[in-house]
Structure formats: C-alpha cells, structure tokens
Amino acid sequence: MLLKIPQVLTKEQVKQAKEQLQKADWTDGNITAGYQSSQTKNNLQLPNDSLIGRQLGDMILSALAQNNLFMSAALPGKIFPPLFNCYQGGQSFGTHIDNAIRQVPGTPVKIRTDLSMTLFISEPDEYEGGELVMEDTYGTQRVKLAAGDLVLYPATSLHRVTPVTKGRRLASFFWLQSMVASDEKRSILFDMDMAIQSLRNKVQDSPEIVQLTGVYHNLLRQWAQT
Ligand SMILES: O=C(O)CCC(=O)C(=O)O
Ligand SMILES: [Fe+2]
C-alpha cells in the first residue's frame, strides 16, 4: 500500500527543520548505501551521528506517534531513526531497492524494512525535478509532496529520485518494521480500521461497532508480532 500522509509536521516545524538543516554539516550520501545503490546514488546526507539529525528525527518520531493515519496504516514495531538527505545541482538517485535489514547505528538493533518513508521538507516549488518514483505491482507512482507531508510505501518497491535540476530538495527518509509483516494483511487491517472509525463518526456507538472492533483486534492478535 502506498499512502500519502498530509501535514505530519506543521509549517512552523518545517521552518525550524530547514533552519537547522542550513547549518548542518552534510556528507556524501553513500554512507548508508549498499553496493548496488551506491552505483546510482548521488546526493548529500547528514552523518549518522549528527546532533541536528537526531533532534529533528526525534521531532518527526513524536509527530508520527500522534498521527492516527500513520499508526493505523503502518502498525509500527521498530522505526529506524530518521535520516536526512539533500539533492541539488542535478543530483539524483537511480532505480534501487532498499536493503531488507538495517542495523540501527551504534546499537545491536536490527530492523526488517517493511515500509519506506520520505518526509518532504522543501516545498515543491523550491526545486525542479526531485520526484520520488516507485514501481510496483500497483504501477508507477510519481510523488512530490508539500513540505511536512510524508509518503509511506512498501520497501519491496523499486524506486528512484529524478534529478534535481534547479533549487534544493531537502527530505527525511527512513524505514520501519511493522508489527504485521505482510503488506496484504496490513492493508486489510487498515481498511477495516478506517471503516470502523467512519462508522463510529456516523452512528456513535452500537453493539455492531463493538463487535467489529473486536474482530479488528482479534485479527491483529492473529497477525501481529511484537
Ligand atoms: O530521497 C528520497 O525520497 C528517497 C531516498 C531513498 O530512496 C534512499 O535513500 O534509499
Ligand atoms: Fe531507497
């Protein structure tokens, strides 16, 4: 499932992130690339131990923890600390697939990358190009979102970032291990959760809603791993 989640960060938080990222020390993006992706990756990244990166990453994680749409769609188990990248002067990232397993730097924690995320920090009119293009069984999707918005997509997708031919594209990108590994099962749970929530908004509470909520949790119990 590919899902666009609007306004994960407020415009004020975006402004703050941009100000911090202006003064950060950037390095070659290949620090986190595997062999195949290093052949096509041409961008800048904040180093893993960047203080600015950690602070902004925490701000993003707190915002996500309060975002119902994200929590319902992703059912996060473990989230990789957000990384930050920058493309300018024609930089791009060719077609690649993200590594299946990632170790959180400085810890023994390993994360299976079920879902990939990009949170846009630059506004779309601040740069030309820089579209995130995913290819999967659902076809080709081209994504370029407003600053503060996030796209969540299966890490099984081939994807690329088209050259940024003008301006600068700042973003945060990271991965998560979902409590429900299967994209198909997670999508069923998400659809069910959305339907129950909209039903609840229409008719308040009813024994049927209680029963359906029970079914949701019983499916989650069958399918989730913590
Ligand atoms: O910059 C992006 O939107 C995606 C970055 C990416 O695909 C990666 O670093 O693996
Ligand atoms: Fe990627």
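Fair warning: this is a prediction, and the values are worked out from it, not measured in the lab. All ligand and atom numbering here is 1-based and tracks the order in the structure.
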- Residues pairing under salt bridge (charged side-chain N to carboxylate O under 4.0 Å, His left out) where one sits in residues 133-148, two or more places apart or in two chains, turn out to be Glu131-Arg142, Glu135-Arg160
- Sort and list the pairs that fulfil salt bridge (charged side-chain N to carboxylate O under 4.0 Å, His left out) and have at least one residue in residues 173-186, not counting sequence neighbours. Asp183-Arg186
- Task: Using distance alone, with no hydrogens and no angle criterion, decide if Arg200 and Thr213 have a side-chain donor and acceptor under 3.5 Å apart.
- Result: yes
- Around the Fe ion (ligand 2), list the protein N/O/S atoms within a radius below 2.8 Å, excluding water molecules. His96 NE2, Asp98 OD1, His159 NE2
- Message: So if I only count non-hydrogen atoms and take anything under 4.0 Å from ligand 1, which residues does that give, chain by chain?
- Response: Asn85, Tyr87, Phe93, His96, Asp98, Thr118, Leu132, His159, Val161, Arg169, Phe173
- Message: Going by side-chain contact (heavy atoms from CB on, under 4.5 Å), His159 matches just one of Thr95, Asp98, Ile97. Which one?
- Response: Asp98
- Item | Smallest separation among heavy atoms of Tyr87 and Val164, with atom names | CB-CG2, 3.5 Å
- Find out if a path of hydrophobic residues (ILVMFWY) with successive side-chain heavy-atom gaps under 4.5 Å connects Leu189 to Leu2. no
- Aromatic plane relationship, Phe173 with Trp175 - under 30° parallel, 30 to 60° tilted, over 60° perpendicular: perpendicular
- Message: Side chains of Ser72 and Asp193 only: does a donor on one sit below 3.5 Å from an acceptor on the other?
- Response: yes
- Message: Please determine whether residues Tyr153 and Ile188 belong to a single hydrophobic cluster, defined as Ile, Leu, Val, Met, Phe, Trp and Tyr linked transitively by side-chain heavy-atom distances below 4.5 Å.
- Response: no
